[in-house]
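Notes follow once the structure below has been shown.
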Amino acid sequence: MNNALVNKVKNTFVDKFNTQPLVVFSPGRINIIGEHTDYNDGFVFPAAVNKGIVAAFQKNDSDTSVAYAIDVDDTIEFSVNSIQPLAKESWGNYVLGVIAEIQKKGITVGNFNVVFSGNIPAGSGMSSSAALENSVAFGLNELFDLGLTREEMIFISQKAEHNYVGVNCGIMDQYASMFGIKDHALLLDCRSIEAKPFHIDFEGYELMLINTNVKHSLSDSAYNDRRSVCESISEMLNIKALRDATEADLETIKDNVTEENYQKALFVIQENKRAELASKAMTDGDLKTLGELIYGSHHGLQHQYKVSCEELDYLVDQAKENHQILGARMMGGGFGGCTINLIAKSAVNDFKTKISERYKNKFGKDCSIYSVELADGTKLITD
Ligand code: GLA
């Protein structure tokens with residue numbers, strides 16, 4: 001989190017509404033391994049980071065609520081008594097969706113004002129959307145004393161994404177953002193919603209993100225399509241979710257599905273296994289194995305699940321050529337955003353310079369490089 005961001009949001013709120021707000025920080029997330037496994041009831045390995053959304057809230061006694069997004073300098077006005085989705089792609093849907101999902105639980109919220117800004121690069125695959133949803137759920141819970149638990153709030157955020165944004169996401173992003181623990185990654189079982197925290201200290205190594213600065217269109221529909229494939233294969237196998245399938249189970253229906261869909265389901269089964277193996281490697285301090293699993297994850301995302309893109313593949317290929325990088329892969333939903341790299345601290349500077357130059361030469365645009373600091377989840381800012 002960052003004080004300048006908090007002050008900017010607070011001051012903007014006070015300038016606009018002449019009253020002191022309640023301020024919430026909700027972080028973005030990284031994911032070490034376990035991609036596209038969350039909506040298959042499987043394992044993921046995310047962590048909240050020190051970048052996210054700061055949102056300032058206050059009740060108002062009028063018929064109209066006002067939400068102002070500082071970063072795009074855009075305002076929406078609405079009444080909580082008649083919440084409707086806006087046009088697709090509108091940021092307002094993240095806010096309205098959360099209100100609608102709270103109301104669906106039979107809970108009443110009053111009108112309010114909110115101002116927010118963030119420092120998660122948009123489209124980076126670090127879940128600025130979950131951070132925004134969680135900040136709204138958390139802020140309204142505090143403001144109106146709704147008595148929601150953190151777990152209830154993440155499901156509200158997730159449903160907002162399904163019903164107002166149109167992405168049938170899993171629970172990883174909302175969970176990591178809400179429940180993050182400083183310096184820890186969370187091995188989350190997406191069926192039981194129970195997580196085991198792992199203290200992250202890779203000694204001579206660190207996690208580094210490289211943002212392709214691209215976000216290819218149609219990623220939302222590609223995401224939803226893949227989720228449907230997983231669900232229909234689960235149905236064929238007569239199981240609740242692919243988490244319950246082995247490779248041998250999948251083999252039994254191989255002739256009844258297309259090769260493409262077979263590979264997608266196989267990826268999920270294998271990726272789920274990799275997430276479990278990664279936790280073991282981490283417990284054993286075996287970074288070499290962890291790195292191999294991370295490279296394996298990318299290979300599957302690229303060739304089997306087919307959610308990567310040229311820019312991400314290039315960054316991972318470059319990482320592979322550097323023996324100081326034990327593992328690299330695309331992170332998040334795919335089709336752009338960041339790669340996550342497990343790199344020797346001593347190699348960071350040199351690799352940063354080289355990759356920046358090469359990426360620019362190859363694609364005619366800059367990549368951005370971030371070091372990662374693992375942080376606490378959604379919280380109230382009191383000062
Ligand atoms: C997006 C979704 C998550 C998860 C990842 C892929 O970030 O929001 O629920 O499915 O993609 O692992």
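Counting starts at 1 for both ligands and their atoms, following the listed order. These numbers come from the heavy atoms of this one structure, side chains and all, not from hydrogens, waters or symmetry mates.
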- Task: Side-chain contact test, heavy atoms from C-beta onward, threshold under 4.5 Å: evaluate it for F198 versus S279 and give yes or no.
- Result: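 Heavy-atom side-chain distance check passes, below 4.5 Å.
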- Query: Do V49 and R29 touch side chain to side chain, with heavy atoms closer than 4.5 Å?
  - Reply: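 No, side chains not in contact.
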- So which residues get pulled into V14's cluster when ILVMFWY side chains under 4.5 Å apart are joined, directly or through others?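 Taking Ile, Leu, Val, Met, Phe, Trp and Tyr as members, V14 stands alone, with no cluster partners.
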- Message: Once side chain to side chain donor-acceptor pair (under 3.5 Å) is applied, do any residues pair with K273, and if so which ones, sequence neighbours excluded?
- Response: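 Counting only residues at least two positions away or on another chain, K273 forms no side chain to side chain donor-acceptor pair (under 3.5 Å).
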- Shell of residues surrounding ligand 1, defined by a 4.0 angstrom heavy-atom cut-off that is strict: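 Within 4.0 Å of ligand 1, the protein residues are R29, E35, H36, D38, Y39, C169, G170, M172, D173, Y223, G332, G333.
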- When you check the side-chain N and O atoms of D249 and T246, is any donor under 3.5 Å from an acceptor?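 Judged by distance alone, the side chains do pair up.
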- Message: Under the ring-ring contact (aromatic ring centres under 6.0 Å, His included) definition, can you give me all pairs with a residue in residues 53-98, not counting sequence neighbours?
- Response: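 As it turns out, the ring-ring contact (aromatic ring centres under 6.0 Å, His included) pairs with a partner in residues 53-98, which skip direct neighbours, are W91-F116.
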